[in-house]
Amino acid sequence: MSTESGRRLRGARLRRGFYRRDARVVAPELLGKLLVRGPVAARIVEVEAYCGSEDPGSHAFRGPTKRNATMFGPPGHLYVYFTYGMHWCANAVCGEDGEGVAVLLRAAVPMRGLDVMRERRPAAKRDLDLLRGPARLCQAFGIDGVSDGADLVTADREVTIVDDGTPPLAAVVGTRIGLTKGADLPWRWCAADEPHVSRRP
DNA sequence: ACCGGGATGTTCT
DNA sequence: GAACATCCCGGTG
């Protein structure tokens, strides 16, 4: 066990109002915050904004469905979806109730519970690959459909995001990854000079 | 480092 | 039937 994993986690959970804003405002502010679930914690270093019915790249573009229902709910909840037949990805719902706005959590730096992450991600050859990518991050955190709709503000299902006082990380902007529609919009933010991102802009 | 192909199944047309 | 907010592995340079 490293000194990092033994240290008590200090920090305040982000409140509802933090999320209740435009995803393009919330996204860069999430860089440097800690994603926490049980024994596992990591510093968020890459995010993407998905902006509801105005955004052709968003699941919300064609309106509410059973799958994206959480996205159209109140902000501050976790929207978890299944894709490519085997992967889960997690978003923080943002904006006002019913807007269908969210921020995809794409990469993070492992901070605590690395032993658990390694067990959950046997394919990762290096610790650098533990959380580098949205589906890898979910795998390492044990996040799947059961966590869809979890309230990040109350941590009703253990998942939450906290501010430990780390100063805002310098951000580099780029285009979103893996899209065929809305691929040109510059709605991806990475912490500058950070090796734990999925791809540099 | 970069590229190509396969895995795998839900969701929506 | 096609698309999919991805990942892994094995090839080549």
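Just the heavy atoms: all of them, side chains too, but no hydrogens, waters or symmetry mates, feed the values below.
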Now, which nucleotide makes the Watson-Crick or G-U wobble pair with C/dA5, with each of the two distances under 3.5 Å?
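Checking every strand shown, C/dA5 finds no partner, since no pair has both distances under 3.5 Å.
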What is the base-pairing partner of B/dT8, counting Watson-Crick and G-U wobble geometry with both distances under 3.5 Å?
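In the structure as shown, B/dT8 has no Watson-Crick or wobble partner.
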Between CG of A/L34 and CZ of A/R43, what distance do you get to the nearest 0.5 Å?
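Nearest 0.5 Å value for the CG-CZ distance: 4.5 Å.
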Centroid distance below 5.5 Å plus an interplanar angle below 30 degrees: do A/F82 and B/dG9 meet both conditions?
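Ring-base stacking flag not set for A/F82 and B/dG9.
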Can you find a donor-acceptor N/O pair under 3.5 angstrom joining the side chain of A/Y81 to the base of C/dA5?
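In this structure, the two groups form a donor-acceptor pair.
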Per [X] side chain, nearest of listed nucleotides [options]:
X      : options              : answer
A/T65  : C/dC8, B/dC12, C/dC4 : B/dC12
A/M86  : C/dC7, B/dT8, C/dA5  : B/dT8
A/R62  : B/dT13, C/dC8, C/dA5 : B/dT13
A/A135 : C/dA5, C/dC9, C/dT6  : C/dT6
A/K181 : C/dA5, C/dT6, C/dC4  : C/dC4
A/H59  : C/dC4, C/dT6, C/dA5  : C/dA5

Would you say a side-chain N or O of [X] is under 4.0 Å from OP1 or OP2 of [N]?
X      : N      : answer
A/K66  : B/dC12 : no
A/S58  : C/dA5  : no
A/R121 : C/dC8  : yes
A/R132 : C/dC7  : no
A/T180 : C/dA3  : no

For atom [atom1] of [X] and atom [atom2] of [N], their distance in whole Å:
X      : N      : atom1 : atom2 : answer
A/R126 : C/dC7  : CZ    : P     : 14 Å
A/Y84  : B/dC12 : OH    : C1'   : 15 Å
A/L179 : C/dA3  : CG    : P     : 15 Å
A/L104 : C/dC4  : CG    : P     : 16 Å
A/F61  : C/dA3  : CZ    : P     : 17 Å
A/H87  : B/dT8  : NE2   : C1'   : 9 Å
A/L105 : C/dT6  : CG    : P     : 13 Å
A/N91  : C/dA5  : CG    : C1'   : 8 Å

Heavy atoms only, 4.0 Å cut-off, all strands: where does A/G133 land among base, sugar-phosphate and nothing?
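Result for A/G133 = sugar-phosphate.
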Reckon A/R188 touches a base, only the sugar-phosphate, or nothing at all at heavy-atom distances under 4.0 Å?
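Result for A/R188 = nothing.
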If only side-chain N and O atoms count, and only distance matters, is there a donor-acceptor pair under 3.5 Å linking A/S198 with A/R106?
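Indeed, the side chains of A/R106 and A/S198 share at least one donor-acceptor pair under 3.5 Å.
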Quick one: are A/R188 and A/T175 in side-chain contact, heavy atoms under 4.5 Å?
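Answer no - side chains too far apart.
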Taking the cut-offs as 6.0 angstrom to the six-membered ring centre and 45 degrees off its axis, would you call A/R176 and A/Y50 a cation-pi pair?
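Judged by the rule (NZ or CZ under 6.0 Å from the ring centre, within 45° of its axis), A/R176 counts as positioned above A/Y50.
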cation_pi(A/R21, A/Y19) dist<6.0 Å, angle<=45:
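No, a cation-pi geometry is absent between A/R21 and A/Y19.
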Would you call the rings of A/W88 and A/F82 parallel, tilted or perpendicular, taking 30° and 60° as the class edges?
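Tilted.
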